[in-house]
Amino acid sequence: MMSEFSNAFLLEAERHAAWGAAQLEALNAFLPEGPWNADLPSCLYRQGELTLRVAVLGTYDAAEQSWMWGWANPGLRGTEVVAATGAIERHGRAAGIAELTEEVLHLSGFPDARRAAEMLAFTGMGVAGAPGYIGVPAGGDTRVYFLPVDAQVPRPGVDPVTLPRTLLTGAGLIGCSARHVVAGYCDHHGLPWHSEPSRIVAELPDGSAAEVDFDDLGRISGVGVKVLP
């Protein structure tokens, strides 16, 4: 039974916090209202009038307060609908992150087991580089989480105007390392960046530079954008 996440897992989650939060916002705005259904052998998910190709990221059992990764599901193991989630397990082994390699995680030790499951889903989405995740009730006490693997889903780019809000929102989600949030955002978007003692400077696609300052406690103290000479 788990009662907290490892530091290695939290730092991995931080790397995806800023871009992942923005991506989830874009996905939720894109998804139409309406009932859902899924054809797992065909890797298809339908909601309202929209059909997406998906992978099964994992399932959460509210009665058992447990999370099972899609790649570990005995009924789906080795099938196409969980192929994309194998990257999560492989990354976990390479990086030594147990939460990504354990087939089933028992979360009853957390104050909010459902929230812990959402953290696993969010981090899995980030490791897989997917454009969000979709969590839906699947009958009884089970909730299933899907990863869209479909080019229809919009992927927000780097917007200098909204960048301060994006980075500050991401840094506030977990609160472990704001530097990991900023570095992960830059890496995800392929932005050249360098680190200074109290700052990260990144080159933005429009030719400007983002300067992210940190205070003595490692928190973001300011985000500025200026035109490069």
Side-chain angles (χ1 to χ4, degrees), residues 5 8-31 38 43-45 50-59 67-73 76 79-102 105 117-136 144-159 162-163 166-167 169-171 173-174 176-177 179-193 200 202-205 210:
F5 289 121
F9 175 83
L10 291 174
L11 289 176
E12 180 66 40
E14 287 276 39
R15 289 187 52 78
H16 310 293
W19 77 261
Q23 182 61 59
L24 281 176
E25 185 177 323
L27 174 62
N28 290 333
F30 175 71
L31 289 174
C43 304
L44 295 178
Y45 173 89
L50 178 68
T51 299
L52 295 173
R53 287 191 61 80
V54 296
V56 174
L57 172 61
T59 50
W67 168 270
M68 177 186 290
W69 289 108
W71 55 264
N73 191 307
L76 301 174
T79 66
E80 185 180 359
V81 79
V82 295
T85 66
I88 299 168
E89 192 263 352
R90 291 191 295 273
H91 178 78
R93 293 200 180 282
I97 304 173
E99 289 89 340
L100 304 182
T101 62
E102 293 287 338
L105 294 103
E118 293 284 336
M119 176 74 85
L120 289 164
F122 181 85
T123 307
M125 170 204 84
V127 171
Y133 69 84
I134 304 167
V136 287
V144 61
Y145 291 80
F146 295 99
L147 288 181
V149 285
D150 196 306
Q152 295 181 74
V153 180
R155 289 180 179 258
V158 178
D159 182 351
T162 60
L163 182 61
T166 298
L167 294 180
T169 297
L173 289 179
I174 301 166
C176 186
S177 169
R179 279 187 175 270
H180 274 68
V181 172
V182 177
Y185 180 87
C186 293
D187 290 342
H188 175 78
H189 287 289
L191 305 177
W193 63 278
I200 284 178
E203 297 179 29
L204 303 183

Closest heavy-atom contact between [X] and [Y]?
{"X": "A128", "Y": "A84", "answer": "CB-O, 4.5 Å"}
{"X": "Q23", "Y": "R155", "answer": "OE1-CA, 3.4 Å"}
{"X": "P131", "Y": "P148", "answer": "CD-O, 3.2 Å"}
{"X": "A17", "Y": "V181", "answer": "CB-CG2, 4.2 Å"}
{"X": "C186", "Y": "A202", "answer": "SG-CB, 3.6 Å"}
{"X": "T85", "Y": "A55", "answer": "CG2-CB, 4.5 Å"}

Student check: side-chain heavy atoms of [X] and [Y] closer than 4.5 Å:
{"X": "F122", "Y": "M125", "answer": "yes"}
{"X": "L31", "Y": "L50", "answer": "yes"}
{"X": "V54", "Y": "D150", "answer": "no"}
{"X": "V182", "Y": "W193", "answer": "no"}
{"X": "F30", "Y": "L52", "answer": "yes"}
{"X": "L100", "Y": "V127", "answer": "yes"}

Expected output: side-chain [X] to main-chain [Y] donor-acceptor under 3.5 Å:
{"X": "E102", "Y": "M68", "answer": "no"}
{"X": "E99", "Y": "L10", "answer": "no"}
{"X": "E14", "Y": "H180", "answer": "no"}
{"X": "T166", "Y": "A18", "answer": "no"}

(message) Measuring centre to centre across the rings, with the benzene-like ring taken for any Trp, is W67 within less than 6.0 Å of Y145?
(response)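 Ring centres of Y145 and W67 closer than 6.0 Å.
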
(request) Enter the distance from L167:CG to W19:CH2 here, rounded to the nearest 0.5 Å. (result)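 Between L167 CG and W19 CH2, I get 14.0 Å after rounding to 0.5 Å.
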
(request) Carefully, step by step, assess V56 and F146 under the rule side-chain contact (heavy atoms from CB on, under 4.5 Å). (result) CA-CA 5 Å; V56 174; F146 295 99; 3.9 Å; yes

(request) Tell me, with the steps shown, if V158 and L191 meet side-chain contact (heavy atoms from CB on, under 4.5 Å). (result) CA-CA 9 Å; V158 178; L191 305 177; 4.1 Å; yes

(message) Within a 6.0 Å radius of atom CD on E80, are there more than 12 heavy atoms belonging to other residues, nucleotides or ligands?
(response)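 Counting neighbours around CD of E80, 12 or fewer heavy atoms of other residues, nucleotides or ligands fall under 6.0 Å, so no.
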
(request) Could you walk me through whether E89 and W69 pass the side-chain contact (heavy atoms from CB on, under 4.5 Å) test, one step at a time? (result) CA-CA 9 Å; E89 192 263 352; W69 289 108; over 6 Å; no

(message) Between T123 and I97, does the side-chain contact (heavy atoms from CB on, under 4.5 Å) criterion hold? Intermediate values first, please.
(response) CA-CA 11 Å; T123 307; I97 304 173; over 6 Å; no

(message) Applying the side chain to side chain contact (heavy atoms under 4.5 Å, CB included) criterion to I134, which one of L57, N28, L27 satisfies it?
(response)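 Option passing the side chain to side chain contact (heavy atoms under 4.5 Å, CB included) with I134: L27.
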
